[in-house]
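The structure appears below as structure tokens.
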Protein chains: 2
Amino acid sequence: MLSIGEMSRRSGVKVPTIRYYEQMNLIDAPERSAGNQRRYTHAALDRLTFIRHARDLGLSLEAIRELVRLSENPAMPHDEAHRIATSHLAAIRERIARLKRLEKELTRVEANCHADQAGDCNIMQVLADHGRCETEH
Amino acid sequence: MLSIGEMSRRSGVKVPTIRYYEQMNLIDAPERSAGNQRRYTHAALDRLTFIRHARDLGLSLEAIRELVRLSENPAMPHDEAHRIATSHLAAIRERIARLKRLEKELTRVEANCHADQAGDCNIMQVLADHGRCETEH
DNA sequence: TCAAAAGCTTCAGTCTCTGGAGATATCTTG
DNA sequence: CAAGATATCTCCAGAGACTGAAGCTTTTGA
Ligand SMILES: [Zn+2]
Ligand SMILES: [Zn+2]
Ligand SMILES: [Zn+2]
Ligand SMILES: [Zn+2]
């Protein structure tokens, strides 16, 4: 059996976060020692590692909750896993697109400033008036 | 003088958010009507519009707070505005880079699945084991 | 055996809002 | 001018995903 500190070291998830996941019902409440400390199985470590990796890939806890449920029923069709992955991918692509627009706009704005004072600074003027932007964002 | 609803309609910032900005000292507490309702000047509307646009460009309220301070002292050098813009740009570029790595990994993982059941689904297997990933992320 | 390390619970804070409850104010229409 | 509709007021809680501290108890290992 593993203590919560062991779990943390092996999974890379911080101790308070593990307790938080338990509270959010992402992981099962484990057994306790005689002195009320958490004692985990290796299966619980695998679960936590799975969650950690999914978080690293940017999935929400809500999405992970569904994936965890799926991973417990390996006989189920994997459609739902793909649905989750696809919609996450779409969200990522949207965020990339938005950030690229912002990057472009900000780069242009900054390059176009030849002022001495804040009052004439192109950045300040663009911020005050979206009409000076070249793109929507 | 403008009511808070007018301010909201004209700036696109929701009413509770305007009150929140006041609480966070991003905008000054306005005058009040006889019945204790907020009454704003057109200068306050300009300020709010500035904040809104900066938010749309992804700046944090902390960064905006500094920009607002700058915009009140138009005689100051604009170095600080550029420092803020540059560091924001760097953050945007980092986020783009990270999201692109995620996109690549997820696209590859999903395309490589030819399973029938969740137990064999490539997505689930990759999530369980980062060793199956091709990139760090 | 006894101190250090690790664990426990509970609460508060992060950031940027957003929404609701219940009371009051203002505006519109008859 | 009165009634009814709309807007606003304050205060509080919740979202997501944690993170940290306070103050106490348990476990570990020299
Ligand atoms: Zn400038
Ligand atoms: Zn703009
Ligand atoms: Zn699959
Ligand atoms: Zn990975």
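So that the names make sense, note that chain A is the first sequence line, chain B the second, and so on, each numbered from 1.
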Partner of A/Leu26 under side-chain contact (heavy atoms from CB on, under 4.5 Å), chosen from A/Leu48, A/Ile18, A/Leu61:
A/Leu61
Between P of C/dC17 and CG of B/Leu59, the distance in whole Å:
12 Å
D/dT8, OP1 or OP2 - any side-chain N/O from B/Ser3 closer than 4.0 Å?
yes
Please report the distance, rounded to the nearest Å, between CZ in A/Arg52 and C1' in D/dC18.
13 Å
Nearest heavy-atom neighbours spanning A/Arg95 and A/His88:
NH2-CE1, 4.4 Å
Under 4.0 Å: is that the gap between some side-chain N or O of B/Ser33 and OP1 or OP2 of C/dA25?
no
Starting from P on C/dG7, measure out to CD on A/Glu31 and report it in whole angstrom.
17 Å
Using the six-membered ring wherever Trp is involved, compare the ring planes of B/His53 and A/His137 and label them parallel, tilted or perpendicular (cut-offs 30° and 60°).
tilted
Residue mapping more 5' on DNA chain C - nearest nucleotide basis, A/Glu6 or B/Arg55:
A/Glu6
Ignoring backbone atoms, establish whether A/Arg32 has a side-chain N or O less than 4.0 Å from OP1 or OP2 of C/dT9.
yes
Spacing between A/Gln23 atom CD and C/dT9 atom P, to the nearest angstrom:
10 Å
Between CE of B/Met24 and P of C/dT18 the distance, given in whole Å, is 14 Å
Salt bridge B/Glu103-B/Lys100, side-chain N to carboxylate O under 4.0 Å:
no
When you measure from the side-chain N and O atoms of B/Arg38 to the phosphate of D/dC9, is any distance below 4.0 Å, counting only OP1 and OP2?
yes
Hey, does the side chain of A/Tyr21 come within less than 4.0 Å of D/dC18's phosphate (OP1/OP2), counting only N and O?
yes
Any idea which of C/dG7, D/dA17, D/dC9 is nearest the B/Asn36 side chain?
D/dC9
Nearest-Å distance for atom pair OH/P, residues A/Tyr20 and D/dT19:
10 Å
By nearest atom, which of the nucleotides C/dG7, D/dG20, D/dA17 is closest to the A/Lys14 side chain?
D/dG20
Which whole-number value in Å describes the distance from B/Ile27 CD1 to C/dT16 C1'?
14 Å
For C/dA25, does OP1 or OP2 lie under 4.0 Å from any side-chain N or O of B/Arg39?
no
Quickly work out the A/Leu61 CG to D/dT19 P distance and round it to whole Å.
11 Å
Under-4.0 Å side-chain N/O to phosphate OP1/OP2 contact, A/Arg19 with C/dT9
no
Closest non-hydrogen atom pair, A/Ile92 against B/Leu99
CG2-O, 3.6 Å
Which nucleotide in D/dC9, C/dG19, C/dC8 has an atom nearest any side-chain atom of A/Ile4:
C/dC8
